[in-house]
Amino acid sequence: MADVAIRFKDVDKWFGKLKVLSDINLAVVAGEVVVVCGPSGSGKSTLIRCVNGLEGIQGGDLIVLGESIVRPGVSMSGLRTRVGMVFQSFNLFPHMTVLQNITLAPVRVRGLGATEAEKTARALLERVRIPDKADHYPANLSGGQQQRVAIARALAMQPKIMLFDEPTSALDPEMINEVLDVMTDLAKDGMTMMVVTHEMGFARRVAHRVVFMDGGRVVEEATPEAFFATARSDRAKEFLSKILSH
Amino acid sequence: MNYQFKWSVLWSGQSGVWLLQGLITTVEISALAWVLAAALGILSGALRTVPWKPARALATAYVEFFRNVPLLVWMFFWYFGVPPLLPRAVQDWIFNHGAEFWAGMFALGVYHGARMSEVIRSGIQAIPRTQFEASVAMGLTTFQAYRLVIVPIALRLIVPPATSESLNLLKNSSVALTISVAELTFQTRQIETYTAKAIEALTAGTVIYLVLCVGIAAIMARVERRFAIPGLIARGG
């Protein structure tokens with residue numbers, strides 16, 4: 001069996017008195033692309049935010065790259081250097097150029113020299129297909145370009161896992177594909193990915209597995225073919241009929 | 001009106017030297033107090049937003065304690081109140097080394113630091129939380145996230161109110177005359193006492209304060225433009 005990169009074991013999470021994740025059991029193996037979908041408020045963003053510790057869990061265990069993240073004394077910043085994240089709202093640092101955004105963590109966290117970090121950053125900009133934007137500020141880029149810089153910034157830390165939290169939800173339709181193309185390349189290169197998205201076309205083409213959530217629970221877990229052809233639960237059928245009807 | 005203006009009192013006798021000394025002292029005490037206020041303001045302003053309650057409580061206590069007592073009381077406190085608590089030798093030493101200057105500087109710095117803190121906190125709170133999340137998500141520690149991302153953005157956002165606060169600090173340095181710091185206002189009063197020419201002396205002081213403050217405001221306006229964050233609403237007038 002392939003290495004397990006992420007394992008949720010009976011995970012529970014509460015926001016105050018509200019239980020937002022219930023009894024989650026899920027394993028993502030290395031190199032696997034898992035798309036997490038579900039209606040809004042189903043807990044899918046919270047689920048992936050637990051993986052890099054942006055959200056803590058209150059019950060169960062969560063093992064990321066062989067290490068339990070609930071173990072007392074675990075180094076969150078150490079974990080996060082190995083788990084990259086891309087957000088819905090890009091979150092580039094507005095006072096820094098594209099190049100500075102990408103080199104910040106490699107230089108400050110991994111202790112890379114400035115020249116080497118810049119070389120890597122420029123190579124990553126090639127990879128996300130905007131090599132000419134290195135010296136621009138985020139405000140001067142389109143949404144799609146900003147999100148590709150955000151992906152390059154996360155990749156600069158050479159993570160083992162990439163988390164995507166609705167990476168295309170804030171984009172104009174014509175920019176969605178340029179971001180999905182970069183993500184598809186990444187998947188082909190064998191990156192372990194957890195992707196929260198409503199892009200069912202991407203799920204169908206790229207995902208190895210689709211996880212459907214509702215009410216803080218994993219309701220269904222299947223290959224894309226099986227999920228789209230014969231979703232078993234009523235909630236998943238209802239969700240798919242809404243999302244695929246337009 | 002039978003008042004006889006005699007502007008020459010400002011450059012005859014000792015007046016010119018007094019004004020210059022006053023100006024230098026005002027600039028010195030204000031500059032040092034400003035550095036202290038900026039350091040305390042950034043530190044406590046940032047601490048008030050961190051996800052750790054004891055740090056927030058400490059910073060809140062500092063702000064509320066120091067901004068809610070009049071500056072004049074702080075001056076008296078640091079000059080008359082604190083030294084007697086110190087050992088005799090230390091007292092002698094500080095009174096031989098310009099105790100009034102250091103007490104005044106300290107009072108000015110901690111008082112304006114508390115006010116600066118609120119300016120900086122409002123700048124930090126204007127930044128979306130997700131900027132902090134993005135910082136730590138790539139492996140920065142909370143301290144690094146504040147030092148490299150959050151505080152640098154906040155400082156760019158707060159240049160206008162921070163300028164006002166800095167000008168207030170400079171003008172409030174005149175309160176230090178009450179503990180005999182020979183700053184600009186002290187010296188204009190001295191000229192007035194020696195020459196009985198109040199309007200001339202106070203006009204000189206007024207003009208010097210005005211030039212200083214307008215000069216600082218102009219410099220800060222350049223700083224604001226130089227460090228403006230691309231994409232935010234450009235400055236007006």
Side-chain angles (χ1 to χ4, degrees), chain A residues 45 48-49 51-56 75-98 100-111 135-141 146 149-159 161-165 170, chain B residues 38 42 45-46 49-53 55 119-162 220-235:
Chain A
S45 283
I48 69 164
R49 286 164 60 87
V51 176
N52 67 347
L54 286 183
E55 304 289 352
S75 161
M76 274 300 164
S77 41
L79 165 78
R80 287 167 182 158
T81 60
R82 282 166 277 144
V83 182
M85 187 167 206
V86 173
F87 298 82
Q88 180 176 357
S89 50
F90 326 137
N91 287 326
L92 297 180
F93 306 135
H95 62 306
M96 297 181 182
T97 64
V98 163
Q100 288 167 337
N101 263 280
I102 301 176
T103 56
L104 179 71
V107 171
R108 300 290 182 160
V109 180
R110 293 183 54 220
D135 299 316
H136 287 55
Y137 282 90
N140 302 323
L141 304 181
Q146 288 191 52
V149 172
I151 294 172
R153 181 174 72 175
L155 291 177
M157 291 299 281
Q158 301 179 344
I161 297 171
M162 284 284 283
L163 308 171
F164 292 85
D165 189 3
Chain B
I42 291 170
T49 66
V50 297
W52 194 50
K53 209 170 174 185
V119 172
I120 286 158
R121 179 167 72 95
S122 67
I124 291 174
Q125 287 177 337
I127 302 169
R129 177 163 182 77
T130 49
Q131 286 276 316
F132 175 75
E133 289 182 347
S135 313
V136 296
M138 52 199 221
L140 298 181
T141 61
T142 299
F143 178 73
Q144 283 178 318
Y146 268 83
R147 188 165 70 84
L148 301 168
V149 178
I150 303 301
V151 170
I153 295 175
L155 291 180
R156 284 163 167 82
L157 297 176
I158 55 135
V159 175
M220 294 299 268
R222 287 185 75 112
V223 169
E224 188 184 349
R225 277 197 298 276
R226 167 73 181 74
F227 290 102
I229 296 175
L232 294 187
I233 294 173
R235 68 189 276 278

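First the proteins, then the strands, lettered A, B, ... as listed; each starts at 1.
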(message) By the salt bridge (Lys or Arg N to Asp or Glu O under 4.0 Å) test, which pairs, at least two apart or in different chains, include something from residues 136-150 of chain B?
(response) none
(request) Sort by residue number and list every member of residues 82-89 of chain A having a non-hydrogen atom under 4.5 Å from chain B. (result) A:Val83, A:Met85, A:Phe87, A:Ser89
(request) Examine whether an atom of A:Leu92 lies under 4.5 Å from a heavy atom of chain B, and if so say whether it belongs to the side chain, the backbone or both; otherwise answer neither. (result) backbone
(message) Out of A:Asn91, A:Thr81, A:Asn52, A:Leu79, return the one with the most heavy atom pairs under 4.5 angstrom to chain B.
(response) A:Asn91
(message) Quick check on A:Ala154 against chain B: is it the side chain, the backbone, both or neither that has a heavy atom closer than 4.5 Å?
(response) neither
(request) Could you walk me through whether B:Leu140 and A:Arg108 pass the side-chain contact (heavy atoms from CB on, under 4.5 Å) test, one step at a time? (result) CA-CA 8 Å; B:Leu140 298 181; A:Arg108 300 290 182 160; 4.2 Å; yes
(message) As an exercise, state the distance from CG of B:Leu148 to CE of A:Met96, rounded to the nearest 0.5 Å.
(response) 6.0 Å
(message) On a heavy-atom basis, which atom in A:Ala139 and which in B:Pro230 lie closest, and how many Å separate them?
(response) CB-O, 3.2 Å
(request) Taking all non-hydrogen atoms of both residues into account, name the closest pair between A:Ser77 and B:Gly139 and its distance. (result) CB-O, 3.4 Å
(request) For chain A, find its close neighbours in residues 119-130 of chain B: heavy-atom separation under 4.5 Å, sorted by number, or none. (result) B:Thr130
(request) Give, for atom CZ of A:Arg80 and atom OG1 of B:Thr141, the distance between the pair rounded to the nearest 0.5 Å. (result) 10.5 Å
(request) Working to the nearest 0.5 Å, report the span between NE2 of A:His95 and CD1 of B:Ile153. (result) 4.5 Å
(message) Is it the case that the side chain of B:Glu133 and the backbone of A:Leu54 share a donor-acceptor pair, with hydrogens and angles ignored and the cut-off at 3.5 Å?
(response) no
(request) Let me know if A:Phe93 has heavy atoms under 4.5 Å from chain B in its side chain, its backbone, both or neither. (result) both
(request) Sort A:Met76 into side chain, backbone, both or neither according to what part of it lies under 4.5 angstrom from a heavy atom of chain B. (result) neither
(message) Taking side chain as everything from C-beta outward and backbone as N, CA, C, O, which of these in A:Arg110 sits under 4.5 Å from a heavy atom of chain B? Side chain, backbone, both or neither.
(response) neither
(request) Taking all non-hydrogen atoms of both residues into account, name the closest pair between B:Met138 and A:Val109 and its distance. (result) O-CG2, 4.4 Å
(request) Taking side-chain contact (heavy atoms from CB on, under 4.5 Å) as the test, write out the residues that go with B:Pro160, two or more places apart. (result) B:Glu224
